[in-house]
Amino acid sequence: MSSSRHDRKRHNDEDRRDSHHSKSRDSQRSRDERPRDSGRDYDRDRKDYRSRGDYSRGTSEKYDRSRRSPTRYDRNERNDRNDRDRRRPDDRDRGRDDRKDKRRDRSRTRSPVSHKSSSKKSESPKHPTEDARLFDRILDPNYKAKSSTVLEIQDVEMSPVELKEETEISTFTFDDDCGPARPTGVSVPPENSEPVSDEERPATPTTPVTPDNIQEDIDGADETIADLNETISDQEDAEDDDSNKYDVTPEPEKWDELSDEEKTLHKQAMKRRKKQRSDEAISKLPVYYPGLHGCQHIAEYAILNVIAEGTYGEVFRGKNTRTDEIVALKRFKMEKEKEGFPITALREINMLLKAGSHENIVNVREILLGRKETDVYMAMEYVEHDMKSLIDKMKSKNQRFRTGQQKRLMLQLLSGIEHMHNLWILHRDLKTSNLLISHSGVLKIADFGLSREFGEASNIETRMRLTPVVVTLWYRSIELLLEPKTYSTPVDMWSVGCIMAEFILMSPLFRGTNEPNQVDLIFQMMGTPNENAWPEIKELRIWNTVEFPKWKSGGLKKLFRGERLLNESGFELLEGLLSMNPRKRLTASEALDHKWFDEHPVAVSCDELPTYPAKSELNAAPPQQQQKKKNRLEALLAEEDPERAALLRQFNVKADQVKTSDFQLKF
Ligand SMILES: Nc1ncnc2c1ncn2[C@@H]1O[C@H](COP(=O)(O)OP(=O)(O)OP(=O)(O)O)[C@@H](O)[C@H]1O
């Protein structure tokens, strides 16, 4: 097929699927996209392919039958990738300096992946009850109703990471694992400095001042003064050091004599000082320790708008009334829970608290309680876009990521995954809609609702309880589709391969309509695997009972090399991530070291990644307008009572949060 014909066909297919998929930002998200619904999907899917008369019908029916007649397992369980994880190619170009540093850092952290290499291979015991349970799941028409409970029970596992001692937790401070994060840019006092007594600590505005009575009638305020209003007492700031002339803001009458460049430099200096003052004021607020005082109330946040409604919760955009920080608030759905707090929510909170300190993983700020005891919210850092929406937006404008942009996205994704896997966390639901990206181009992995910790390979008993029904269908690895007894980090790496292909194609690589169809699509593209190249495939239930047609490999190469979408080394990386044999699949660390990242064009900086106005921010007031209004109010306040204005700034209380007529600070 010629490339243009190929393109057309591909795009037609994509469009059909896209129209089906376009409601994906909310609760109407395609059912095929939801691993959690797979019980229901599976029933529906079986109907679908029974009605089809093509080749895949034969395969699908066999596939289906195989699920009804599970064979018993008594082979070795060896899902660990011990030997391969240890090896590092000697001849690899070691890359740029910063990546070398990263490798050094990584080698200091003991990776569970390399850790696994010391584990002994063990014989797997027989598990008739496991099989029976799976058998029940397939045959029971009411399984969906019970599935969540069943899956949760299957999934319970002890953490391989030690918990902290209670005594350690009682002494935490800023930046401890369990303490609040120090605002950036605030200097840490030397260890031997005198502690600040309660009397010396500046008073905190206990009641957030509401913007009820904002004085609107201020249009006559002098614009020049308004532009300068942020500079009040800047002179005081600069008294100690007059070496830099931008440390002192000129008098209003001298302002007009300045050149445009000087004005810009002055404004930048003002901004810096303002940020510093704000950070200092926030750092002086009494620290709130959830461990000691319990969770805060949701009333501490003003809800700005709804961002999305997912399977397990609604997500809002909110503002912390103490610090003005904009956050995403995820409200966990508890309505259907009969057995207390949902385990998926507990897992998500637990995993994010563990892993969220990494730049490429969404960071949790705190857990909040709502009005009812069943209202539980998680406050996370707010990230403006998700990758799926960004890709859709770009696609609608006929745009693609440049190679340097693809590399930056992949480096960030792999770096977050490497961190997670080093902490023994499997994500199990990686897909573009669960990757967030900020206005400044920082990619963050989100939605840890299906994540869980995994154990060492030696602990086969525990690992066997992992449910195979995880990961959204299009991103689900081939071993998961063929029903393994146990699996590990390679399932996430397969999803990473699918995501890399999506960054290049601007649409998902394998768009199966059901599980058998997904397997068909993968085999057609990658070639049907054989037992020489992947000996352990014999241990997968579906492989043992279905006779798959023998597809030749080469489809992936034809698509990416034939169409020149990737160069040779880029294709090598993609192929390594999509290796059929999970033992041969690249780990996150190996992928990060791949030579593709060292070749020209190198990864662009984050701020060179594309951004669009986020849907989630659309009903926020335009920032410029807000800023002007605030400037005028601050100018008025400063004129009326400079002392109070200075205090206001110290406590980061914005002028538009106070009543200008009867403003009182509490001491
Ligand atoms: N920190 C955040 N900042 C901004 N938006 C976010 C954030 N976290 C989540 N969202 C938005 O909310 C949507 C749903 O969030 P999330 O995926 O965590 O919920 P879920 O109930 O697990 O959804 P799903 O149905 O995809 O499993 C995301 O696709 C994203 O658009």
Side-chain angles (χ1 to χ4, degrees), residues 21-38 40-41 148 151 301 303-320 325-337 342-349 351-353 355-356 358-368 376-393 416 427-440 442-452 469-476 495 611-618 620:
H21 202 60
S22 61
K23 297 170 188 163
S24 62
R25 287 275 307 188
D26 54 31
S27 58
Q28 298 156 38
R29 190 171 285 164
S30 155
R31 282 188 296 171
D32 284 328
E33 264 209 282
R34 296 184 177 180
R36 289 149 192 165
D37 290 344
S38 55
R40 177 187 56 203
D41 285 350
S148 58
L151 293 183
Y301 287 79
I303 306 282
L304 302 176
N305 57 280
V306 179
I307 300 176
E309 191 178 347
T311 317
Y312 283 123
E314 293 155 291
V315 185
F316 304 93
R317 198 164 69 100
K319 184 161 103 171
N320 185 326
E325 188 194 12
I326 300 291
V327 294
L329 293 162
K330 182 165 180 173
R331 178 175 159 269
F332 295 108
K333 282 185 184 157
M334 304 272 281
E335 292 83 14
K336 291 176 203 148
E337 292 299 326
I343 190 160
T344 46
L346 279 177
R347 280 220 187 111
E348 181 161 16
I349 294 167
M351 301 302 161
L352 279 173
L353 286 174
H358 192 275
E359 196 192 15
N360 301 117
I361 296 179
V362 74
N363 183 256
V364 175
R365 297 287 192 251
E366 60 179 319
I367 307 301
L368 299 147
V376 178
Y377 296 80
M378 177 168 71
M380 301 170 272
E381 65 182 312
Y382 173 71
V383 193
E384 293 85 358
H385 303 275
D386 68 77
M387 280 305 304
K388 186 180 181 315
S389 310
L390 183 64
I391 289 173
D392 288 347
K393 185 89 193 167
H427 187 282
R428 305 198 302 180
D429 198 12
L430 290 170
K431 55 181 170 178
T432 43
S433 58
N434 283 339
L435 302 180
L436 306 176
I437 182 159
S438 71
H439 273 330
S440 46
V442 180
L443 180 147
K444 311 234 174 208
I445 303 168
D447 193 0
F448 279 60
L450 275 183
S451 67
R452 61 161 301 153
V469 192
V470 286
V471 190
T472 299
L473 187 60
W474 294 349
Y475 303 82
R476 197 177 302 165
S495 309
T611 52
Y612 292 98
K615 266 200 261 173
S616 48
E617 286 178 326
L618 285 186

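Remember, it's 1-based here, ligands and their atoms both numbered in the order they're listed. Computed from heavy atoms alone, side chains included, the values below leave out hydrogens, waters and symmetry copies.
Around atom 5 (N) of ligand 1, the closest heavy atom drawn from V383, N363, I437 belongs to V383.
Interface atoms of ligand 1 facing S433, defined by a heavy-atom separation under 4.0 Å, are 29 (O). Here is the list of ligand 1 atoms found below 4.0 Å of a heavy atom in Y382: 3 (N), 4 (C). The V362 neighbourhood of ligand 1 comprises atoms 1 (N), with distances under 4.0 Å to a heavy atom of that residue. The atoms of ligand 1 that sit less than 4.0 Å from any heavy atom of E381 are 1 (N), 2 (C), 3 (N). Taking every heavy atom of D447 and a limit of under 4.0 angstrom, the matching atoms of ligand 1 come to 16 (P), 17 (O), 18 (O), 20 (P), 22 (O), 23 (O), 24 (P), 26 (O), 27 (O). Near A308, the atoms of ligand 1 lying under 4.0 angstrom from a non-hydrogen atom of the residue are 12 (O), 13 (C). Under a 4.0 Å criterion applied to the non-hydrogen atoms of N434, ligand 1 contributes the atoms 17 (O), 26 (O).
Below 3.5 Å of separation, one finds no N or O of A446 facing any N or O of ligand 1. The distance criterion of under 3.5 Å between nitrogen or oxygen atoms is met by K330 with respect to ligand 1.
At least one donor-acceptor pair under 3.5 Å links the side chain of S438 to the backbone N or O of S440.
Side-chain atoms of E366 and Y301 form a donor-acceptor pair, as typed in the model, at a separation below 3.5 Å. For the 3.5 Å distance criterion, the side chains of D429 and S451 fail to qualify, holding no donor opposite an acceptor.
Contact of the E348 side chain with the D447 side chain is registered, since non-hydrogen atoms from C-beta on lie closer than 4.5 Å.
Taking the ring axis of F316 as reference, the NZ or CZ atom of R331 does not stay both within 45° of it and closer than 6.0 Å to the ring centre.
In this structure, I361 and E381 approach most closely via the heavy-atom pair O-OE2, 3.7 Å.
The line from NZ of K444 to CG of L436 is 9.5 Å long, rounded to the nearest 0.5 Å.
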